[in-house]
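In each ligand, atom 1 is the first atom listed, and ligand 1 is the first ligand listed. Only heavy atoms go into these numbers, but all of them, side chains included; no hydrogens, no water, no symmetry mates.
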Amino acid sequence: MTEPVKNEERKKVIFSAIQPSGTITLGNYLGALKNWIELQDNFNCIYALADLHTITVRQDPPTFRRHTLEAYALLLACGVDPKKSVFFIQSHVPTHAQLAWILDCYSQFGELQRMTQFKDKAAKHPDNVNAGLLTYPPLMAADILLYQADLVPVGVDQKQHLELTRTIAERFNGIYGQTFTVPDGYIPKQGAKIMSLQDPTRKMSKSDENANASIAVLDKPEDIMRKFKRAVTDSEACVRYGEGKDGVNNLMGIYACVTGKTNEEIEAEFDGKGYGDFKSAVGEAVAEHLRPIRERYEDYMKNRDYLEQCWGEGAEKACSISSRTLRKAMKKIGFLPPKSI
Ligand code: TYM
């Protein structure tokens, strides 16, 4: 009899995380979460709620707690499956903060200061340009490198942080020998940058003050329809993908993600029709796609015990995997090991 093949050992490792900083948007879903779910069958997937990252912006404690709970339930509702993947809350796993400190010491001030997100957030919160805002990328690098991740499914806005993660890993490996896997980004062809419905030159963001600019995964169908009907387009009144048509391009991208249609198929479908029909079709397709997620979310939110059990088990598994990498890195640097090691 032939031995069963241990596929587990050959599977690539996927790591990704999302901040529980408020409403999870259609941008988060199409840019990242949808891929997280799809990758679970063929890879070793490890997913986290990056709550340590969230406190780089001041949080109201009860709201922060609620957002984290809701985000955990929502990700389960989106299809993150704790039987297939490790799914935990970052602050429950102390190795992240530990390796982050170490990686701070292998990151250059200049390279951190050049990060677009640092510059944007510093400009947006001039009264709270804290050190965590600057050292956010080494914490993100720690998240990824602790699990020796091969691939990191993210939207385009995280590309720069991912490149810095690679730089930090290569720098460390260059000094001490092979310690960390150098990860690649996994950025979807469609949906990698979903834009605001009100200003399609800016990305759709959780923190947008204009409620009509973004779709929350948990929005009610009537709100989704209303927001799409108000979406900014152009005066050409022709559904086609092209330069200077940011609003229409964005709507086509969203429609393509939720229906699986190509741009050519979408152009043919709406040939001779106006933007009114097109926007209604996009709204309906999105509302239908998100409906089962909303229903499952309501069920998970009623079952706090189950949620706690999931994040407890997730943290245990994550601790066990990540401790190995942390010990390895610390040994290489020359830390004297504690008695138990
Ligand atoms: P966050 O919480 O801002 O976003 C979560 C994921 O959603 C993607 N995304 C988008 N994709 C397409 N269009 C958009 N408009 C859009 N907005 C957001 C993001 O690219 C991301 O993939 N720093 C990260 C969280 C993090 C992380 C990590 C990610 C912490 N540690 C390690 C990967 C690996 C963040 O703030 O994502």
For [X], take its heavy atoms, then give the atoms of ligand 1 lying under 4.0 Å from any of them.
X    : answer
I144 : 32 (C), 34 (C)
A50  : 30 (C)
Q19  : 2 (O), 35 (C), 36 (O)
S16  : 33 (C)
A32  : 6 (C), 7 (O), 22 (O)
G191 : 12 (C)
G31  : 11 (N), 12 (C)
I18  : 2 (O), 5 (C)

Backbone or side-chain N or O of [X] under 3.5 Å from ligand 1 N or O:
X    : result
M204 : yes
F15  : no
Q117 : no
I194 : yes
G27  : yes
Y136 : yes

Closest protein heavy atom to [atom], given as residue, atom name and distance to 0.1 Å:
atom                    : value
atom 37 (O) of ligand 1 : Q158 NE2, 3.7 Å
atom 19 (C) of ligand 1 : D157 OD1, 3.2 Å
atom 28 (C) of ligand 1 : M140 CG, 3.3 Å
atom 7 (O) of ligand 1  : N28 ND2, 3.0 Å

Where does [X] meet ligand 1, judged by heavy-atom distances below 4.0 Å: at the side chain, the backbone, both, or neither?
X    : result
D143 : side chain
A17  : both
L139 : neither
V152 : side chain
K193 : backbone
K206 : side chain

Are side-chain heavy atoms of [X] and [Y] found at a separation under 4.5 Å?
X    : Y    : result
I24  : E70  : no
I144 : F180 : no
L197 : N250 : yes
Q90  : L139 : yes
F64  : T54  : yes

Selection residues 24-33 - residue pairs positive for side chain to side chain donor-acceptor pair (under 3.5 Å), sequence neighbours left out: T25-N28, Y29-H289

Neighbour count above 12 (heavy atom, 6.0 Å) for I55 CD1: no

Flag if over 12 foreign heavy atoms under 6.0 Å of CD, E163: yes

Pair H161 and F118, ring centroids less than 6.0 Å apart: no

side-chain contact (heavy atoms from CB on, under 4.5 Å) evaluation trace for M140 with L164: CA-CA 10 Å; M140 192 165 147; L164 186 55; over 6 Å; no

contact_flag S21 ligand 1 heavy-atom lt 4.0 Å: no

M195 near ligand 1 by a heavy-atom separation under 4.0 Å: no

Within residues 136-162 or reaching into it, pairs that qualify as salt bridge (charged side-chain N to carboxylate O under 4.0 Å, His left out) - sequence neighbours excluded: D157-K203

For F87, the option from W36, F15, Y72 that meets ring pair (Phe, Tyr, Trp, His ring centres under 6.0 Å): Y72

Short side-chain donor-acceptor distance under 3.5 Å, S91 and D51: yes

Aromatic ring pairing F278/F270, orientation class (parallel under 30°, perpendicular over 60°, tilted between): perpendicular

Verify same cluster id: I187, M195 (apolar side-chain graph, 4.5 Å): no

